[in-house]
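Step one of this worksheet: look at the structure below.
Numbered from 1 within each chain, the chains take letters A, B, ... in sequence-line order. Only this structure's heavy atoms are used, side chains among them; waters, hydrogens and symmetry mates stay out. Just so we're clear, the structure is a prediction, and the values are computed from it rather than from any experiment.
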2 protein chains.
Amino acid sequence: MAEAQGTILTDRQVEVLELREKGHTQREVADKLGTTDSNVSAIERAAESNVEKARRTLELVQTLRAPVQFTVSAGTSFDDLVTRVYAHGDEAGIKIAYCRPELYTHLYGMLEEVTNANRLERSTTIGLTKDGEVDVYADSVTSTE
Amino acid sequence: MAEAQGTILTDRQVEVLELREKGHTQREVADKLGTTDSNVSAIERAAESNVEKARRTLELVQTLRAPVQFTVSAGTSFDDLVTRVYAHGDEAGIKIAYCRPELYTHLYGMLEEVTNANRLERSTTIGLTKDGEVDVYADSVTSTE
DNA sequence: ATGAACTCAAATAGAAGTGTTTGAGATAAA
DNA sequence: TTTATCTCAAACACTTCTATTTGAGTTCAT
């Protein structure tokens with residue numbers, strides 16, 4: 001079995017996820033583990049909740065570690081976006097960890113879905129960390145919540 | 001304050017991380033929160049431990065969800081199947097946990113029912129985990145005529 | 001050597017999470 | 001209809017985690 005130690009999942013939860021991942025039904029897993037399908041359902045739900053919590057935790061920490069945040073409005077071109085990243089970095093004494101073409105690629109990778117003809121279709125929030133990392137915040141990309 | 005809800009960090013932990021990120025010493029944070037520096041140290045340690053756990057949790061889940069999957073069509077010979085497992089493993093930087101004859105046996109054990117004259121009677125989906133395990137996905141075996 | 005910043009371990013009360021049972025219900029296919 | 005699959009909620013005993021205190025260390029620059 002995969003190792004649950006060092007994670008927020010319990011052994012039981014990993015056991016269930018593994019078997020479910022292989023395509024077994026909850027009932028089959030329940031039989032294998034000597035319990036009921038509704039119990040397996042509950043364990044699976046707890047596991048998924050834990051995974052979601054882990055995701056949000058890393059998201060939050062990244063935000064906390066981004067001392068500089070700014071938002072660019074819809075319609076901004078990628079060139080302008082890249083320029084503004086450097087400008088905000090300079091202003092805060094942060095050396096951006098990417099040279100210009102790298103940054104262009106990095107941002108495009110994260111913003112592809114909201115980009116059209118080299119312009120942003122949505123206003124977008126950018127975060128800079130002390131060590132020069134550049135993040136796009138999820139709610140800018142996802143919205144719809 | 002940033003929102004700790006939905007994460008595995010407590011409000012207290014986020015409070016401490018935020019103030020520390022702004023550059024305050026543990027003593028300063030302690031004064032602000034009305035407690036001791038050693039308590040702040042402990043809270044900070046707990047928070048870091050939680051972040052690490054979150055990181056490992058997502059890592060584990062990614063492993064569970066088999067990072068490499070591919071499908072071979074009906075009529076493929078076992079020899080070709082085995083070759084492709086190694087090829088996909090190489091491509092993804094995964095060292096398959098079986099030497100060739102072992103893998104042959106392993107796959108045959110799982111695919112015996114859909115095999116005839118050393119050829120697959122059905123198209124079959126294979127999953128590779130990071131640690132080199134080779135899985136056959138249930139829906140390939142069970143369903144889809 | 002003094003002080004500042006930080007770490008570490010043991011102990012404790014209270015809070016939060018765990019797997020489980022039980023029983024009910026939703027949904028869709030046979 | 002029945003059956004299979006899965007979900008949901010309340011309750012439970014049990015375990016783990018949390019913040020906190022106390023007291024003792026470490027490291028390091030002055």
*Could you give the start and end, 5' to 3', of the contact zone on DNA chain C for chain B, using atoms under 4.0 Å from its heavy atoms?*
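Contacts span dA5(C) to dC8(C), reading 5' to 3'.
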Could you state the [atom1]-[atom2] distance from [X] to [N], rounded to the nearest angstrom?
X        : N       : atom1 : atom2 : result
Lys53(B) : dT18(D) : NZ    : P     : 7 Å
Gln5(A)  : dT16(D) : CD    : C1'   : 14 Å
Ile43(B) : dA19(D) : CD1   : C1'   : 6 Å

*Consider only side-chain heavy atoms of I, L, V, M, F, W and Y, link residues closer than 4.5 Å, and tell whether Val61(A) and Ile8(B) are in one cluster.*
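Looking at the clustering, Ile8(B) is in a separate group from Val61(A).
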_same_hphob_cluster(Leu33(A), Val14(A)) at 4.5 Å side-chain heavy-atom cutoff_ =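 Shared cluster, no.
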Using a strict 4.0 Å threshold on nitrogen-to-oxygen distance, state whether [X] and [Y] make a salt bridge.
X        : Y        : value
Glu18(B) : Lys22(B) : no
Arg55(B) : Glu59(B) : yes
Glu48(A) : Arg45(A) : no

*asked:* Expected output is a numbered-order residue list: members of residues 28-36 of chain A with a heavy atom under 4.0 Å from any atom of DNA chain D. What is it?
replied: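 DNA chain D contact set from residues 28-36 of chain A: none.
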*Hey, can you pull the residues of residues 8-24 of chain B with a non-hydrogen atom under 4.0 angstrom from DNA chain D?*
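Result for residues 8-24 of chain B: Thr10(B), Arg12(B), Gln13(B), sorted by number.
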*asked:* I want to confirm an ordering. Mapping Ser38(B) and Ala46(A) to their closest nucleotides on DNA chain C, which one lands closer to the 5' end?
replied: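 Taking each residue's closest nucleotide, the earlier one in sequence belongs to Ser38(B).
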Under a 3.5 Å cutoff, is there a donor and acceptor pairing between the side chains of [X] and [Y]?
X         : Y         : result
Glu91(A)  : Tyr86(A)  : no
Gln26(B)  : Asp37(B)  : no
Ser123(B) : Ser73(B)  : no
Thr115(A) : Arg122(A) : no

*Which of parallel (below 30°), tilted (30 to 60°) and perpendicular (above 60°) describes Tyr104(A) and Phe78(A)?*
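The rings of Tyr104(A) and Phe78(A) sit tilted, inter-plane angle from 30° to 60°.
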*Donor-acceptor pair, side chain of His24(A) and main chain of Leu19(A), under 3.5 angstrom*: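 It does hold such a pair.
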*Reckon Thr25(A) touches a base, only the sugar-phosphate, or nothing at all at heavy-atom distances under 4.0 Å?*
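Sugar-phosphate: the residue Thr25(A), judged by heavy atoms under 4.0 Å, touches backbone atoms but no base.
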*Looking only at side-chain N and O atoms, does Asn39(B) come under 4.0 Å of OP1 or OP2 in dA19(D)?*
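Result: no.
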